[in-house]
Amino acid sequence: MPLLSIFRNSSYTFCRSLLLYHSCLFARPVHNIQANDLSVTKQICESSGMATDKVSDKSKKKARWMSPEGLLRSELNMCSRHGDIVKAFHLYDEAQINGIQLNQHHYNVLLYLCSSGSSVKLNGDEVDANASSLCYRRGIEIFRQMIIDKVPPNEATFTNAARLALALEDPEMAFDLVKQMKGFNILPKLRSYGPALFGFCKKGMADRAYEVDAHMVESRVMPEEPELSALLKLSADVKREDKVYEILHRLRATVRQVTYSTVGIIEDWFKSEDASKVGKENWDTSKVREEILMGGGGWHGQGWLGNGQWRAVRTQIDEKGVCHSCGEKLTCIDIDPRETENFATSLSKLACKREVRTDFLQFQEWLQQHGPFDAVVDGANLGLANQKTFSFYQLNTVVGKLHQMSPLKRLPLIILHRSRVTGGPAQNPRNKNLLEFWKKSGALYATPAGSNDDWYWLYAAVSCNCLLVTNDEMRDHLFQLLGTSFFPRWKEKHQVRVSVSTSGLAVNMPPPYSIVIQESENGSWHVPTIKGDDLETPRQWLCATRARK
């Protein structure tokens with residue numbers, strides 16, 4: 001199909017040249033259009049309004065879906081599902097000709113399809129570069145028509161428009177669109193900034209990329225590893241050693257462990273000639289140590305220390321926290337007790353919203369009467385570790401080991417769902433006696449029916465500030481709700497894992513060092529990569545040191 005014939009039904013002529021910059025594409029700037037002026041035209045006729053009381057809700061819903069607007073919505077949704085942008089353009093053109101009023105959803109689906117122009121297909125084949133460019137340009141015109149029609153945009157609208165601007169290699173327009181969101185009382189998200197930030201980084205426009213970064217901070221949007229990694233590479237390319245240092249510390253504070261692509265960027269920096277030229281030859285060691293102490297350990301933030309060529313190698317850290325390459329011992333970074341207390345309070349509030357409030361409050365009262373504990377055991381997780389059926393024997397073995405490890409020889413708190421305590425293997429006489437012993441010792445809590453065990457064992461471990469014994473990686477939706485950088489740090493210092501093998505059951509204590517980017521007092525750096533489980537595969541670290549004088 002010839003490219004121009006694809007858009008033969010369009011009300012626009014695609015053979016003409018389209019200017020790329022937003023100042024030329026829009027009849028007037030988007031930010032000059034008042035958000036309050038945007039209103040959706042009412043489509044309800046007077047006759048239907050008079051008969052509202054006589055029509056059932058089901059009939060009204062059916063009427064909405066069978067209306068021209070409803071049918072158009074359904075057809076566009078199918079186009080989005082199958083990536084059929086040709087049909088979507090055809091539907092849009094017909095709607096314009098027939099005077100069908102498009103709403104926010106219609107426009108957002110169209111803009112999404114246009115911004116995905118490089119991945120949609122024409123007649124089963126991938127779109128070529130020219131067709132993709134036409135899709136992007138057409139998307140900008142559709143966005144312009146949305147504003148002309150006074151259809152109120154939302155965050156998805158601006159984000160898709162910004163992605164179109166990035167596809168057209170116009171990060172300035174993408175950034176301008178993000179700044180205009182405030183005028184519509186729309187809060188930008190991290191994805192809203194991506195097109196502008198990555199666009200400026202790709203073009204090597206460092207100052208503009210830093211402006212986007214500053215705007216993100218001002219809007220309280222926290223960049224994640226992809227954004228920080230792009231800024232790090234850009235800073236290294238333009239020889240901004242101060243920014244490289246700053247972004248490394250931001251990675252330390254927010255990401256902690258990095259992917260292999262990011263560690264490659266960091267390694268390239270340390271091996272570069274530019275890195276060898278920066279650093280203090282003399283520094284105040286007492287000041288550096290004071291800052292390390294105040295920061296809880298693992299960093300000082302006093303800038304590059306030392307001078308000369310760096311030695312950057314991939315290595316491992318032994319079980320005592322000693323680097324195999326340079327022999328330096330890594331630090332176990334302290335956690336502020338106030339942070340733990342605040343986290344326990346927020347965890348309790350969140351659990352009360354997700355669980356039956358009275359059930360969780362009863363658990364808190366029980367915990368105050370029977371606690372504190374040296375360890376909390378996720379009973380369901382450990383009873384099923386490497387087992388097809390629940391094993392009380394295996395769970396009791398773990399409990400016995402923790403009992404022996406306790407300084408005061410106290411039993412750990414075992415959290416089990418009520419169904420585990422009353423049914424199945426629990427009916428075995430030996431298991432019944434075991435459960436009764438734990439219960440009389442105040443070491444067993446059975447969570448009520450319909451509850452989620454995770455809230456209970458996590459809150460108990462945090463509030464007691466003790467060890468948490470579970471192989472659960474704690475990455476699912478429940479733990480994402482916590483939304484805090486504190487949780488990974490707490491988990492790293494408190495989670496105990498159990499491994500089962502032919503040689504028996506082993507309890508693996510938390511590492512005596514923090515798995516996070518560390519900056520030592522002599523200026524060396526250690527950067528951990530993201531890996532599954534250190535018990536099975538040793539984690540790879542980047543060690544960057546200079547010759548010491």
Side-chain angles (χ1 to χ4, degrees), residues 222 224-226 228-229 232 247-267 270 292 295-301 312-336 339-340 343 375 458 461-462 465-476 479-480 482 484-499 506-545:
M222 295 297 295
E224 296 179 355
E225 183 176 351
L228 292 174
S229 182
L232 181 67
I247 295 166
L248 272 176
H249 274 291
R250 291 172 69 182
L251 283 168
R252 174 194 59 78
T254 60
V255 179
R256 297 173 63 80
Q257 303 130 28
V258 299
T259 59
Y260 283 120
S261 59
T262 300
V263 83
I265 295 171
I266 299 172
E267 184 177 17
F270 280 116
I292 289 175
W299 68 282
H300 53 75
V313 296
R314 306 285 181 100
T315 186
Q316 293 174 2
I317 308 297
D318 68 18
E319 65 278 1
K320 295 182 179 180
V322 177
C323 176
H324 287 182
S325 176
C326 67
E328 186 171 314
K329 192 176 189 304
L330 299 189
T331 302
C332 184
I333 299 172
D334 295 334
I335 293 178
D336 190 335
E339 286 186 284
T340 303
F343 183 61
L458 179 58
V462 173
N465 198 25
C466 65
L467 297 174
L468 172 60
V469 189
T470 180
N471 287 345
D472 192 328
E473 291 297 333
M474 293 179 270
R475 293 173 182 161
D476 62 18
F479 302 102
Q480 291 175 8
L482 301 177
T484 172
S485 62
F486 173 78
F487 180 58
R489 290 185 286 134
W490 181 91
K491 185 176 74 167
E492 181 182 270
K493 293 177 69 70
H494 291 82
Q495 184 177 6
V496 176
R497 292 180 173 85
V498 173
S499 58
V507 176
N508 302 282
M509 301 299 289
Y513 59 95
S514 296
I515 305 174
V516 61
I517 297 174
Q518 296 199 21
E519 177 191 36
S520 71
E521 64 178 86
N522 61 28
S524 62
W525 287 78
H526 289 86
V527 182
T529 58
I530 292 175
K531 205 69 177 177
D533 190 351
D534 280 358
L535 301 176
E536 299 174 359
T537 307
R539 189 185 304 271
Q540 192 178 77
W541 290 68
L542 173 67
C543 169
T545 58

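Using a 4.5 Å heavy-atom cutoff, the side chains of E328 and Q518 are not in contact. Using a 4.5 Å heavy-atom threshold, the side chains of E319 and M509 count as separate. Proximity of V516 to R252: side-chain heavy atoms (C-beta onward) are separated by under 4.5 Å at one or more points. P510 is not listed as a side-chain neighbour of K493, based on a closest heavy-atom distance of 4.5 Å or more. The closest side-chain heavy-atom distance from I515 to W541 is below 4.5 Å. Taking 4.5 Å as the limit, some side-chain heavy atom of V263 sits within range of a side-chain heavy atom of R314. The closest side-chain heavy-atom distance from T529 to L542 is not below 4.5 Å.
Partners of H494 by ring pair (Phe, Tyr, Trp, His ring centres under 6.0 Å), not counting sequence neighbours, listed by chain and number: W490. Legend: residues meeting salt bridge (Lys or Arg N to Asp or Glu O under 4.0 Å) with R250, ordered by chain and number and at least two apart, are D213, E246. By the side chain to side chain contact (heavy atoms under 4.5 Å, CB included) test, M222 is found to be paired with T254, residues two or more places apart in sequence or in another chain being considered. For T340, the side chain to side chain donor-acceptor pair (under 3.5 Å) criterion is met by no residue, not counting sequence neighbours. Applying the ring pair (Phe, Tyr, Trp, His ring centres under 6.0 Å) test to H249 and every residue at least two apart in sequence or in another chain returns Y245, W299, W525. With sequence neighbours left out, T262 forms a side chain to side chain contact (heavy atoms under 4.5 Å, CB included) with E225, S229, L251, V258, T259, I266.
The shortest heavy-atom contact between I317 and H324 is C-NE2, 4.2 Å. Across all non-hydrogen atoms, the minimal contact from G298 to I292 is N-CG2, 4.2 Å. Scanning all heavy atoms of the two residues, the minimum distance from F487 to M474 falls at CZ-SD, 3.7 Å. Residue L248 comes nearest to L232 through the heavy atom pair CG-CD1, 4.5 Å, listed as atom of the first residue, atom of the second, then distance. V469 approaches A375 most closely through the heavy-atom pair CG2-CB, 4.4 Å.
Rounding to the nearest 0.5 Å gives a distance of 12.5 Å between CD1 of I517 and NE2 of H526. Atom CD1 of I335 is separated from atom OG of S514 by 7.5 Å, given to the nearest 0.5 angstrom. Atoms OG and CD, on S524 and E519 in that order, are 8.5 Å from each other to the nearest 0.5 Å. Residue L458 holds its CG atom at 7.0 Å from CG of L468, rounded to the nearest 0.5 Å. The CZ atom of R497 sits 9.0 Å away from the CG atom of N508 when rounded to the nearest 0.5 Å. One distance of note links CD of Q316 with CD of Q540; it measures 7.5 Å at 0.5 Å rounding.
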Salt bridge (charged side-chain N to carboxylate O under 4.0 Å, His left out) between R256 and E492, worked out: CA-CA 11 Å; R256 297 173 63 80; E492 181 182 270; 3.0 Å; yes
Residue pair Q495, E473: steps toward the side chain to side chain contact (heavy atoms under 4.5 Å, CB included) verdict: CA-CA 10 Å; Q495 184 177 6; E473 291 297 333; 5.5 Å; no
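Not one N or O on the side chain of K320 forms a donor-acceptor pair closer than 3.5 Å with the backbone of P512. Looking only at distances, a side-chain donor or acceptor of T470 sits under 3.5 Å from a matching main-chain atom of D472.
Checking E521 against H300 by side-chain atom types alone, no donor-acceptor pair falls below 3.5 Å.
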